[in-house]
Amino acid sequence: MSDIAQQVQRRRTFAIISHPDAGKTTLTEKLLLFSGAINIAGSVKARKAARHATSDWMEIEKQRGISVASSVMQMEYRDCVINLLDTPGHQDFSEDTYRVLTAVDAALMVIDAGNGVEPQTRRLLQVCRARNTPILTFVNKMDREVKAPLDLMDEIERELGMTVVPFTWPVGMGKTFRGVYDRREDQMRVFTPGEDRRGGDEEVLAGLDNPESEKRFGMEWTQAKDELELVEGASPAFDKSAFLNGQQTPMLFGSAVNNFGVREVLDALVDLAPSPGAKAAIQRTVEPTESKFSGVVFKIQANMDPAHRDRIAFVRCASGHFERGMRLKVVRSGKELRPNTVVSFLSQRRELLDEAFAGDIIGIPNHGVLQLGDTLTEGESLQFTGLPFFAPEIIRSVEVADPLKTKQLRAGLTQLGEEGAIQVFRPVAGTVLLLGAVGQLQFEVVQHRLQAEYGVKARIMPSNYHVARWVTCAPEDGGEQELKRFIDANAHRVALDAVDAPTILLDHAATLRAVESNWPKIRFHAMREHAGLVFHQGV
């Protein structure tokens, strides 16, 4: 086996997804703790101690206790290199999450045992299902009063349309939570609450018929045993191919805040999650074990270090062996890059990186050279597909409070638009910039970041527009000439986005239908892919 193939086999790249408040950021921290990447976990709730979650770095996240940006972390565990992407739970940031999910090979779904399957979980699951992403399920907060495990299992199967195979099973819940029984190992791990650091080995009791378990845990043990017999008869055996196709999910129970059940999650990820696979480009399918390097920019984050006004392009390595200082071609522009300060991430901590392989996430500092969806290669003209942008659901106009800062406003919005934090539209006729977003919180974050990072106080106001569609025209229908005719005739309501793709902005869906019937050769798109500006039909 070649060195590249060996390195690819060691990689596991996954995202953590959940509804807000299910404990996703806490679990992220504890996974880092158990892998030895950090020594003490900063409790997400301990705001007074000013010790925020290691993976939440943006000021607004610290104030509100929510994850807004997606964080990337790398750690080693059991001779595997694990790339972990923590996504925003808030539904207003579903676009960023959607793009992050294009860069992973598996997902870890965190479910709050008290609330079960929630709306945002459902939405994210649809994205994973569309891509056949394998999913592991962690049922969190078992140390609280929660739903019965059999009900949770039934709900997940019904709501998410996939078979659930419990790997562990809870003994008790809330105040009487005693631990979890590991079905694969045929042993019970006894729960000890309140461990902030990695403790010694947990107490383990072997076998289902252990008299010690019965004596110590009484009714909770008897009930768990009865449930396990039911599960044994009702749930199918674990089928790895069904899991890899996103049709079956292993389920584990625990309490992330108490470090309980976390090691089992890490072990399941290493044992079950796939190593990086082939990636589709427009020209051909790229295998991860190929000798030549290729990668795709799936995220751009400005000002992770406000002192340096930096912009980091997050690149998912798709094939080959990346080495610092190597010559890379940006396929879209034909420009050459020789990145010397490439970084790997442990949340805010960055380390200079000398090499990377398929599945790894690397950060390339750049100033506007790289855009979302860009493909990097050693020279071959490849264009990876699948990075989506959605037509915004809310459109606002933006003005600067101090006219002398107009230039800073435009610079700030250009950078925030390039990283996908918000969509920025420049009207063909008119000077007031327009912002598009999926949810209201995106506007608040942009307003906050403009002030904190660019020193600009911006006013975000209602606009007359409520519908946006990208517009194209096929060569056989008149191509660029017909599109230019359309833009000239509708100049008062056409704008250009971050990549100069023309967009029509309208007041109502009814107006859109009228425009469509008046311009039969023009195509209207609710989604575009950055790669090669592939557009998708849809209203």
Side-chain angles (χ1 to χ4, degrees), residues 1-15 31-32 35-38 70-86 100 102-106 266 269-270 273-279 281 285-301 304-305 308 310-331 335-366 369-370 374-380 382 384:
M1 194 190 285
S2 74
D3 186 43
I4 289 178
Q6 266 179 328
Q7 290 292 346
V8 170
Q9 285 214 311
R10 290 180 64 213
R11 265 53 189 181
R12 303 286 184 275
T13 304
F14 75 98
L31 291 170
L32 293 173
S35 70
I38 58 175
S70 303
S71 299
V72 177
M73 284 144 278
Q74 191 179 68
M75 54 197 174
E76 287 203 31
Y77 180 73
R78 278 179 43 195
D79 198 40
C80 276
V81 178
I82 296 175
N83 294 287
L84 184 162
L85 287 79
D86 175 18
V100 164
T102 66
V104 299
D105 305 306
L266 265 174
L269 278 163
V270 167
S275 51
K279 197 159 175 53
T285 297
V286 177
E287 294 295 333
T289 50
E290 290 178 16
S291 58
K292 294 271 197 224
F293 172 80
S294 66
V296 62
V297 177
F298 68 93
K299 177 181 170 61
I300 289 176
Q301 191 73 60
M304 284 182 80
D305 179 357
H308 292 104
D310 63 348
R311 247 186 300 181
I312 301 272
F314 290 75
V315 176
R316 152 82 191 221
C317 303
S319 68
H321 180 197
F322 173 85
E323 293 177 280
R324 185 149 60 98
M326 75 190 299
R327 285 200 160 104
L328 293 177
K329 174 184 169 186
V330 184
V331 175
K335 287 183 178 166
E336 189 181 271
L337 270 184
R338 291 196 70 176
N340 281 307
T341 52
V342 178
V343 290
S344 66
F345 301 91
L346 178 60
S347 196
Q348 302 103 316
R349 289 215 317 269
R350 302 185 206 171
E351 289 167 9
L352 270 186
L353 175 108
D354 289 316
E355 61 174 5
F357 296 88
D360 286 341
I361 310 293
I362 60 174
I364 300 181
N366 78 105
V369 177
L370 294 172
D374 273 349
T375 299
L376 297 172
T377 69
E378 287 189 56
E380 188 181 352
L382 287 173
F384 288 116

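One is the number of the first residue; the rest follow in order along the sequence.
- Note that the OG1 atom of Thr341 and the CD1 atom of Ile312 stand 7.5 Å from one another [nearest 0.5 Å].
- Glu378 meets the salt bridge (Lys or Arg N to Asp or Glu O under 4.0 Å) test with no other residue; sequence neighbours excluded.
- Side-chain atoms of Thr13 come within 3.5 Å of backbone atoms of Gly359 as a donor-acceptor pair (strictly under, hydrogens ignored).
- Annotation: side chain of Leu376 is in contact with side chain of Ile364 (closest heavy-atom distance under 4.5 Å).
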Next on the checklist: side-chain contact (heavy atoms from CB on, under 4.5 Å), that's the test. Do Leu266 and Val270 meet it? Break it down for me.
Outcome noted: CA-CA 6 Å; Leu266 265 174; Val270 167; 5.6 Å; no

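- The shortest side-chain heavy-atom distance between Ser319 and Lys279 does not fall under the 4.5 Å cut-off.
- Smallest separation of non-hydrogen atoms from Ala313 and Val297: CB-CG1, 4.1 Å.
- Contact detail for Asn340 and Gly325: the closest heavy-atom pair is OD1-CA, 3.3 Å.
- Minimum interatomic distance between Ala278 and Thr285 (heavy atoms only, all atoms of both residues): CB-CG2, 3.6 Å.
- Remark: of the listed residues Ile300, Ile362, Ile361, Ile361 is the sole one forming a side-chain contact (heavy atoms from CB on, under 4.5 Å) with Phe314.
- Expressed to the nearest 0.5 Å, how far CD of Glu380 lies from CG of Leu382 amounts to 3.5 Å.
- Glu336 pairs by the salt bridge (Lys or Arg N to Asp or Glu O under 4.0 Å) definition with Arg327, not counting sequence neighbours.
- When all heavy atoms of Leu31 and Met75 are compared, the pair lying nearest together is O-SD, 3.8 Å.
- With sequence neighbours excluded, the residues forming a salt bridge (Lys or Arg N to Asp or Glu O under 4.0 Å) with Arg10 are Glu76, Asp79, listed by chain and number.
- Leu370 is listed as a side-chain neighbour of Leu337, based on a closest heavy-atom distance under 4.5 Å.
- Using a 4.5 Å heavy-atom threshold, the side chains of Thr377 and Leu328 count as separate.
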Next on the checklist: Let's go through Val286 and Lys292 carefully: what are the C-alpha distance in whole Å and the side-chain angles of both, what is the deciding distance for side-chain contact (heavy atoms from CB on, under 4.5 Å) to 0.1 Å, and is it a yes or a no?
Outcome noted: CA-CA 10 Å; Val286 177; Lys292 294 271 197 224; over 6 Å; no

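- Of the possible donor and acceptor atoms, none in the side chain of Ser294 sits under 3.5 Å from a partner among the backbone N and O of Gly320.
- The two residues Asn83 and Arg11 come nearest to each other via the heavy atoms ND2-CG, 4.3 Å.
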Next on the checklist: Run the ring-ring contact (aromatic ring centres under 6.0 Å, His included) test on His321 and Phe357 for me, step by step, so that the C-alpha distance in whole Å, both residues' side-chain angles and the decisive distance to 0.1 Å come before the verdict.
Outcome noted: CA-CA 5 Å; His321 180 197; Phe357 296 88; 4.5 Å; yes

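- Counting heavy atoms from C-beta on, the side chains of Phe14 and Leu85 never come closer than 4.5 Å.
- In this structure, Arg12 contributes its side chain and Ile82 its backbone to no donor-acceptor pair below 3.5 Å.
- For the pair Ala358 and Pro288, the tightest heavy-atom approach, listed with the atom from each and the gap, is CB-CB, 3.6 Å.
- Between the side chain of Thr375 and the backbone N or O of Phe384, at least one donor-acceptor pair lies under 3.5 Å.
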